[in-house]
Colleague: 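Dumping the structure here so I can ask a few things about it.
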2 protein chains.
Amino acid sequence: MKQSSLCPKFEKGMQLLGKRWTGLILYQLLSGPQRFCALEGALPVSGRLLSERLKDLEKEGLVHRQVFTDSAPVRVEYSLTEMGKALEPVIKGIESWAQSWIELDAADMADHSVE
Amino acid sequence: MKQSSLCPKFEKGMQLLGKRWTGLILYQLLSGPQRFCALEGALPVSGRLLSERLKDLEKEGLVHRQVFTDSAPVRVEYSLTEMGKALEPVIKGIESWAQSWIELDAADMADHSVE
DNA sequence: ATACTTACTAACAAAAAGTAACTACGTTAC
DNA sequence: GTAACGTAGTTACTTTTTGTTAGTAAGTAT
């Protein structure tokens, strides 16, 4: 293992956001608490990975998981904690950066059609 | 492949930043143009991946690659383009978020010592 | 009883990352 | 002159992470 001269907090934060899907999941949750299947439907991520990422995010304190047993079938709602909400300006920043600078090529367009 | 309802530009941007090391490489380059070996030394990333990421970032237009043949051994300097520099507030935002919210556990500390 | 829903988990194949050794090319040391 | 060194990578191989598909448990609707 190599040593780095970076601030370990920053490095850990980047490692978190630098995992596939994490950013998009947080972005989805910015619009309010959502259920597992809603996230699964909104993002091109499989249930397995979504479950894994949500578990990570819960463990790190960015996301809160609440189970509703009253209604059936059981609902599970995910929402942002204070820590998660604190990332809003960053995520919005990425969004507006992408709007200004990213251009799409044929491959990207293809990714957005159904197979 | 699944379809997503997200803005494809945002999704592409997130996919870019959501790759391992991309964020840290850009962070390093914020402090000025740097050579390959400087980046390799500053980050806990191997030459193989660093080379791969820099190639990606160059292709996407975030990073500029300049070869100096005058001096020997040949130097190669990487620097941020306008597009790359435009990410500065985002990266700084992640940095200050991490400072405020991330806490380190034993595992993270271990990652920062030499093996 | 059977099919359906939600929220997962298990098993396996494919892709990406990690590691170590190697190349090319000119430079300097002996 | 040749052996070792430094830079900027690349190749070959292993391990880890993702992606895909199918299956589970608990309750509901028909």
Side-chain angles (χ1 to χ4, degrees), chain A residues 1-4 11 14-25 28-29 33-60 63-79 107 110-112 114-115, chain B residues 1-4 11 14-25 28-29 33-60 63-79 107 110-112 114-115:
Chain A
M1 172 72 71
K2 268 178 71 177
Q3 190 179 24
S4 98
E11 197 181 330
M14 269 296 186
Q15 204 170 309
L16 209 65
L17 299 192
K19 276 201 160 185
R20 201 118 84 180
W21 307 119
T22 304
L24 294 177
I25 291 170
Q28 278 296 316
L29 289 176
Q34 304 199 22
R35 291 204 276 157
F36 190 90
C37 62
L39 290 168
E40 197 175 5
L43 302 171
V45 64
S46 70
R48 194 182 81 64
L49 268 261
L50 180 57
S51 172
E52 197 172 300
R53 283 294 170 276
L54 287 168
K55 239 180 265 178
D56 288 351
L57 289 171
E58 196 192 352
K59 181 162 63 67
E60 298 297 334
V63 160
H64 175 70
R65 178 176 187 267
Q66 188 171 11
V67 185
F68 293 89
T69 39
D70 53 325
S71 70
V74 139
R75 277 181 311 128
V76 181
E77 255 186 26
Y78 293 90
S79 55
D111 288 347
H112 264 259
V114 195
E115 181 175 279
Chain B
M1 174 73 71
K2 268 179 74 178
Q3 190 177 24
S4 97
E11 199 182 329
M14 269 295 185
Q15 204 170 309
L16 209 65
L17 299 193
K19 275 201 160 183
R20 203 118 83 178
W21 307 118
T22 303
L24 294 177
I25 291 170
Q28 278 295 317
L29 289 177
Q34 305 200 20
R35 290 204 277 157
F36 190 90
C37 63
L39 290 168
E40 197 176 4
L43 301 171
V45 65
S46 70
R48 196 181 78 65
L49 268 261
L50 180 56
S51 170
E52 197 172 302
R53 282 293 170 278
L54 286 168
K55 239 179 264 179
D56 287 351
L57 289 171
E58 196 191 351
K59 181 163 63 70
E60 298 297 334
V63 160
H64 175 70
R65 178 175 188 270
Q66 188 171 11
V67 185
F68 295 87
T69 38
D70 53 326
S71 70
V74 139
R75 277 180 313 127
V76 181
E77 256 186 24
Y78 293 91
S79 54
D111 287 347
H112 265 260
V114 196
E115 182 175 276

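A quick note: this is a predicted structure, and the numbers were derived from the prediction, not measured.
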Colleague: How close or far is atom P of dT7(D) from atom CD of Glu40(B), stated in whole angstroms?
Modeller: 10 Å

Colleague: Under 4.0 Å: is that the gap between some side-chain N or O of Trp21(B) and OP1 or OP2 of dG18(C)?
Modeller: yes

Colleague: Calculate the interatomic distance between Glu77(B) atom CD and dA8(D) atom C1'; express it in whole Å.
Modeller: 14 Å

Colleague: Roughly how far apart are Thr22(B) OG1 and Leu17(A) CG, rounded to 0.5 Å?
Modeller: 12.5 Å

Colleague: Could you give the NZ-to-P distance, from Lys19(A) to dA16(C), as a whole number of Å?
Modeller: 16 Å

Colleague: Using a 4.0 Å heavy-atom cut-off across all strands, classify Tyr78(A) as base, sugar-phosphate, or nothing.
Modeller: sugar-phosphate

Colleague: Within residues 48-60 of chain B, which residues have any heavy atom lying less than 4.0 Å from an atom of DNA chain C?
Modeller: Arg48(B), Leu49(B), Glu52(B), Arg53(B)

Colleague: For Leu16(A), check side chain to side chain contact (heavy atoms under 4.5 Å, CB included) against everything at least two apart and list the hits.
Modeller: Glu60(A), Leu62(A), Trp97(B)

Colleague: For a 4.5 angstrom cut-off between non-hydrogen side-chain atoms, does Phe36(B) reach Leu54(B)?
Modeller: yes

Colleague: Taking only residues two or more places apart in sequence or in another chain, which ones pass side-chain hydrogen bond (donor to acceptor under 3.5 Å, both in side chains) with Arg35(B)?
Modeller: none

Colleague: Of all heavy-atom pairs between Pro33(A) and Glu77(A), which one has the smallest distance, and what is that distance?
Modeller: CB-OE1, 3.6 Å

Colleague: Whole angstrom is fine here: how far is it from CD in Gln15(A) over to P in dT16(D)?
Modeller: 15 Å

Colleague: Starting from P on dA8(D), measure out to CD on Gln34(B) and report it in whole angstrom.
Modeller: 12 Å

Colleague: Rounded off to whole Å, could you give me the CG-to-P distance for the Leu24(B) and dA17(C) pair?
Modeller: 13 Å

Colleague: Taking only residues at least two apart or on different chains, which pairs with a member in residues 49-58 of chain B satisfy side chain to side chain donor-acceptor pair (under 3.5 Å)?
Modeller: Arg48(B)-Glu52(B)

Colleague: If you compare all heavy atoms of Pro44(A) against all heavy atoms of Glu11(B), which two are closest, and at what distance to 0.1 Å?
Modeller: CG-OE2, 3.6 Å

Colleague: Rounded to whole angstroms, how far apart are CZ on Arg20(B) and C1' on dA15(C)?
Modeller: 13 Å

Colleague: If you look at every heavy atom in Glu40(B) and Ser46(B), which pair is closest and at what distance?
Modeller: OE2-C, 4.4 Å

Colleague: Taking N or O atoms only and anything under 3.5 Å, show me the protein contacts with nucleotides 2-6 of chain C, one pair per line.
Modeller:
unit_1: dT6(C); atom_1: O3'; unit_2: Val74(A); atom_2: O; d: 3.2

Colleague: Of all residues at least two apart in sequence or in a different chain, which pass the side-chain hydrogen bond (donor to acceptor under 3.5 Å, both in side chains) check with Gln28(B)?
Modeller: none

